[in-house]
There are 2 protein chains.
Amino acid sequence: MKDKRVTINEIAAHAGVSRSTVSLILRGSGRISEPTRQRVQAAISELGYTYNRSAANLRTQSSQAIGLIINDLTNPFFTELTAAIEQTAERRGYFVYLVQSGEDPDHQHKLSLSMVEHGVAGLIICPATGSHPETFERLRTLGIPVCIAVRPWPDDRFDFAGPDNFRAAHMAVDALIEHGHRRIAFLGGERGNPSRDDRLAGYFGALQKHDIGFDETLVIESRPSRTSGIKDVAKVLALADPPSAALCYNDFVAISVMHGLRQHGLQPGQDFALIGFDGMPEAETSFPPLSTVFLDARRVGANAAHMLIGRIDEPDRPVSRSVIVPDLVLRQSHKAS
Amino acid sequence: MKDKRVTINEIAAHAGVSRSTVSLILRGSGRISEPTRQRVQAAISELGYTYNRSAANLRTQSSQAIGLIINDLTNPFFTELTAAIEQTAERRGYFVYLVQSGEDPDHQHKLSLSMVEHGVAGLIICPATGSHPETFERLRTLGIPVCIAVRPWPDDRFDFAGPDNFRAAHMAVDALIEHGHRRIAFLGGERGNPSRDDRLAGYFGALQKHDIGFDETLVIESRPSRTSGIKDVAKVLALADPPSAALCYNDFVAISVMHGLRQHGLQPGQDFALIGFDGMPEAETSFPPLSTVFLDARRVGANAAHMLIGRIDEPDRPVSRSVIVPDLVLRQSHKAS
DNA sequence: TCGTGTTGATAGAACGATCTACTAACTAGC
DNA sequence: GCTAGTTAGTAGATCGTTCTATCAACACGA
């Protein structure tokens with residue numbers, strides 16, 4: 001039925017010109033006369049020709065594909081990031097190969113190599129916690145453009161696009177302190193995750209600035225999920241001197257902390273102040289509406305895509321970093337006496 | 001710095017064998033002796049060779065890429081769908097090209113053609129509302145495997161994977177009626193969207209079954225969003241004889257309806273019964289927890305991917321349809337007198 | 001009339017792999 | 001010693017494009 005796909009050769013034969021001529025026309029060269037151009041166009045639509053971009057790419061050593069490696073698409077922050085990357089890539093003539101590493105460094109390593117085999121023009125990577133240095137080393141020696149996104153990676157020879165986690169956490173804790181809180185918990189996130197380390201540092205910084213002593217029982221570590229906050233908040237509520245407010249590692253944690261608070265008879269945003277992190281869409285429609293640090297995943301994504309494509313176009317440009325200063329979005333959940 | 005990428009030819013020269021031999025070894029043929037195999041392997045790691053899969057694909061007329069066209073990644077239903085498709089594709093040795101049509105039929109058309117040019121092995125499409133028949137016609141004449149997902153398309157020569165919207169809505173309305181409701185609204189969604197049409201049909205079916213007359217003022221049309229439900233519910237609440245319950249087009253609508261109810265001094269799940277549609281993760285953590293029809297986007301996605309890959313492997317297999325029967329997940333929001 | 005451009009089109013080698021067909025060197029059977 | 005079969009490896013065409021070099025035809029100026 002489908003036989004073979006019709007190629008440039010059939011078009012050439014059918015239109016009575018050479019293969020080269022057809023190729024030139026396809027690429028919109030002006031060096032071909034109008035009559036022949038029309039003859040070829042006629043042949044194209046008559047035979048139902050479709051361009052084989054991979055063949056062209058093989059010849060020209062180019063590619064319109066960029067690879068995107070994220071941990072988990074299901075996290076709304078990464079969803080927004082991905083959506084933005086796809087959109088700006090598409091607008092600039094690129095397609096994106098999407099893969100999820102599942103926070104597994106080995107898998108991430110294999111995926112990155114596999115993408116290179118598939119001939120991507122460049123790669124955007126959100127490094128998995130515990131990423132192997134060899135992964136990036138290999139990409140560097142291969143000379144393929146890479147943009148690190150969201151989570152910093154200790155190698156300043158790569159472009160980077162991400163939020164300023166330190167400052168974001170600092171702002172949030174500042175706001176809590178201004179509302180009169182002195183005992184402020186930091187809930188959720190796992191040690192070794194660079195984003196969390198930065199957020200924690202911002203949290204400490206703000207406490208220090210206001211001469212509030214550091215109490216390590218107020219920092220709860222846990223793998224963040226849609227339910228993890230329930231246990232996290234229970235732990236600090238059980239303390240002899242419980243906190244009156246908390247900064248959460250992300251909005252998932254914050255929303256589940258709200259449920260946890262209610263289980264203890266406390267109304268979030270009334271009996272306990274809460275600020276989340278990320279600014280994912282559902283923070284706005286939670287009850288009560290969640291105050292949070294808006295990291296603007298879409299902007300991060302757009303920047304990452306632009307930076308990568310910029311480097312693809314111009315491989316030797318100087319390394320650049322785009323660090324976005326987040327916005328503190330105060331809604332209801334941070335209000336409490 | 002990066003010169004040229006090292007090819008199979010360099011490896012052959014360096015190991016003192018022919019190009020064909022290297023190729024055989026790369027593909028794990030047993031027809032090559034162990035000593036030469038090792039010599040070649042040594043050359044490979046010494047020169048830092050990376051396989052060029054596109055070149056191989058050109059020769060073998062094959063591809064490990066599948067294209068996925070969805071409307072909007074940002075909708076959690078599609079997020080879950082995409083995540084599942086990516087995962088099962090990856091497990092079966094495929095990568096996915098992700099693009100968003102933005103519910104624009106023209107764009108969808110261009111994208112599908114572009115993916116073909118890029119040489120995808122097959123395509124999973126969630127048809128945009130108002131899709132052009134030519135889009136699918138073209139794909140069919142090109143003979144490229146296509147699986148329609150989520151939203152049905154009136155051409156039974158394509159494989160299909162999606163939820164049973166009719167039955168889902170029917171179940172939900174049944175439950176509402178069992179809880180004693182007689183005036184039940186249907187909120188949100190736009191005319192012309194086949195998913196909505198099926199849901200609406202299920203809604204009517206259930207009413208009819210219980211001899212409840214149809215009141216068109218209880219059906220509110222609107223483009224669904226994270227806030228659209230606020231206005232939708234206001235409209236039916238303003239009626240002389242307002243409803244006591246509602247089935248919502250999706251969970252977005254349902255969650256915003258909750259906010260709308262509160263604005264009118266009503267407690268969702270207490271003064272008004274509410275059932276959503278989709279079963280997106282945040283339905284579980286909403287307040288009160290949202291009762292909803294769980295469409296299992298992950299299963300739909302996994303099925304779609306399996307079906308497509310099955311057809312890629314075996315293009316002439318009979319057309320198949322996988323229709324998933326949703327689960328009614330009753331939490332809190334449907335409870336009301 | 002001759003050299004010099006310009007225009008429109010082409011032939012044939014690439015790109016990096018695979019595939020088909022073939023061969024040289026052994027082994028085995030009788 | 002001869003034929004047949006197996007094993008290990010290779011040469012060269014090929015996939016569908018683009019690129020480099022070249023060419024024929026014609027116009028132009030001196």
Side-chain angles (χ1 to χ4, degrees), chain A residues 2-41 43-44 47-65 114 116-121 142 144, chain B residues 2-41 43-44 47-65 114 116-121 142 144:
Chain A
K2 42 171 313 212
D3 312 312
K4 304 185 96 23
R5 253 168 77 166
V6 18
T7 79
I8 212 177
N9 282 302
E10 276 92 274
I11 301 299
H14 194 266
V17 296
S18 81
R19 186 169 60 250
S20 318
T21 305
V22 179
S23 176
L24 284 171
I25 289 172
L26 285 174
R27 284 172 294 152
S29 163
R31 298 188 26 168
I32 304 295
S33 72
E34 191 52 24
T36 39
R37 207 192 60 77
Q38 287 186 1
R39 208 142 35 87
V40 169
Q41 284 294 0
I44 285 178
L47 300 187
Y49 167 74
T50 51
Y51 187 66
N52 185 332
R53 208 169 286 275
S54 338
N57 285 344
L58 173 59
R59 180 66 242 249
T60 59
Q61 307 280 60
S62 65
S63 160
Q64 294 79 233
S114 193
V116 176
E117 284 189 358
H118 277 268
V120 294
L142 284 171
I144 132 151
Chain B
K2 43 172 315 213
D3 314 309
K4 304 185 92 33
R5 256 169 75 166
V6 19
T7 79
I8 211 177
N9 282 303
E10 276 93 275
I11 301 299
H14 194 265
V17 297
S18 81
R19 186 170 58 251
S20 317
T21 306
V22 179
S23 176
L24 285 170
I25 290 172
L26 285 174
R27 283 172 294 152
S29 162
R31 298 189 25 167
I32 304 296
S33 72
E34 191 53 24
T36 40
R37 208 192 59 76
Q38 286 186 2
R39 211 141 34 88
V40 170
Q41 284 294 0
I44 285 177
L47 300 188
Y49 167 74
T50 50
Y51 187 68
N52 185 333
R53 207 169 287 273
S54 339
N57 285 344
L58 173 58
R59 180 67 242 254
T60 59
Q61 306 279 60
S62 65
S63 160
Q64 294 78 234
S114 193
V116 176
E117 284 189 358
H118 277 268
V120 294
L142 284 171
I144 132 149

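Below, chains carry the letters A, B, ... as their sequence lines are ordered, and counting in each starts from 1. Since the structure is predicted, the reported quantities are computational estimates derived from the model, not experimental observations.
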[X] versus [Y], closest heavy-atom pair with distance:
| X | Y | value |
| --- | --- | --- |
| A/Ser63 | A/Gly119 | OG-O, 2.8 Å |
| B/Thr36 | B/Ile25 | O-CD1, 4.2 Å |
| A/Val6 | A/Tyr49 | O-CD1, 3.2 Å |
| B/Ala55 | B/Asn52 | N-OD1, 3.0 Å |

Inset, instruction - Verify, without hydrogens or angle tests, whether B/Gln38 (side chain) and B/Pro35 (backbone) share a donor-acceptor contact under 3.5 angstrom. - result: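 The answer is no, because no donor-acceptor pair under 3.5 Å joins these two groups.
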Inset, instruction - Spell out, as yes or no, whether a donor-acceptor pair under 3.5 Å connects the side chain of A/Arg19 to the backbone of A/Asn9. - result: no
Legend entry - Residues in contact with DNA chain D, drawn from residues 14-23 of chain B - heavy-atom cutoff 4.0 Å: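 Within residues 14-23 of chain B, the residues near DNA chain D are B/Val17, B/Ser18, B/Arg19, B/Ser20, B/Thr21.
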Legend entry - Closest-nucleotide ordering on DNA chain D, the 5'-leading residue of B/Arg39 and B/Leu58: B/Arg39
Inset, instruction - Go through the steps to decide whether B/Ile44 and B/Leu47 satisfy the test side-chain contact (heavy atoms from CB on, under 4.5 Å), and finish with yes or no. - result: CA-CA 5 Å; B/Ile44 285 177; B/Leu47 300 188; over 6 Å; no
Considering every strand and a 4.0 Å limit on heavy-atom distances, what is the contact class for [X]: base, sugar-phosphate, or nothing?
| X | value |
| --- | --- |
| B/Ser29 | nothing |
| A/Asn9 | base |
| A/Ser54 | nothing |

For nucleotides 21-25 of chain C, print each protein N/O atom paired with a nucleotide N/O atom at under 3.5 Å, atom names and distance only.
none

In whole Å, I'd like the distance from the [atom1] atom of [X] to the [atom2] atom of [N].
| X | N | atom1 | atom2 | value |
| --- | --- | --- | --- | --- |
| B/Asn52 | C/dC15 | CG | P | 12 Å |
| A/Ile11 | D/dT18 | CD1 | P | 13 Å |
| A/Gln61 | D/dC19 | CD | C1' | 12 Å |
| B/Gln64 | C/dT18 | CD | C1' | 13 Å |
| B/Arg53 | C/dT18 | CZ | C1' | 14 Å |
| B/Leu26 | D/dG9 | CG | P | 15 Å |
| A/Arg5 | D/dG16 | CZ | C1' | 10 Å |
| A/Ile25 | C/dA9 | CD1 | P | 8 Å |

Inset, instruction - Would you kindly check whether a donor in the side chain of A/Arg59 faces an acceptor in the base of D/dT18, or vice versa, at under 3.5 angstrom? - result: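 Yes.
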Inset, instruction - Could you tell me whether the side chains of B/Ser18 and B/Thr21 share a donor-acceptor contact shorter than 3.5 Å? - result: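 Yes, B/Thr21 and B/Ser18 have a side-chain donor paired with an acceptor closer than 3.5 Å.
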Inset, instruction - Check side chain to side chain donor-acceptor pair (under 3.5 Å) between A/Ser114 and all other residues, then give those that pass, not counting sequence neighbours. - result: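 Once residues adjacent in sequence are excluded, A/Ser114 has no partner under the side chain to side chain donor-acceptor pair (under 3.5 Å) criterion.
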Please pick, from [options], the nucleotide with the shortest atom-to-atom distance to any side-chain atom of [X].
| X | options | answer |
| --- | --- | --- |
| B/Ile32 | D/dT17, C/dT18, D/dG9 | D/dG9 |
| B/Thr60 | C/dA17, C/dC19, D/dT17 | C/dC19 |
| B/Thr36 | D/dC19, D/dG9, D/dG16 | D/dG9 |

Legend entry - B/Arg27 vs C/dC19: side-chain N/O to OP1/OP2 distance below 4.0 Å: yes
Legend entry - Student check: side-chain heavy atoms of A/Leu142 and B/Arg5 closer than 4.5 Å: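 Of all side-chain heavy-atom pairs linking B/Arg5 with A/Leu142, none is under 4.5 Å.
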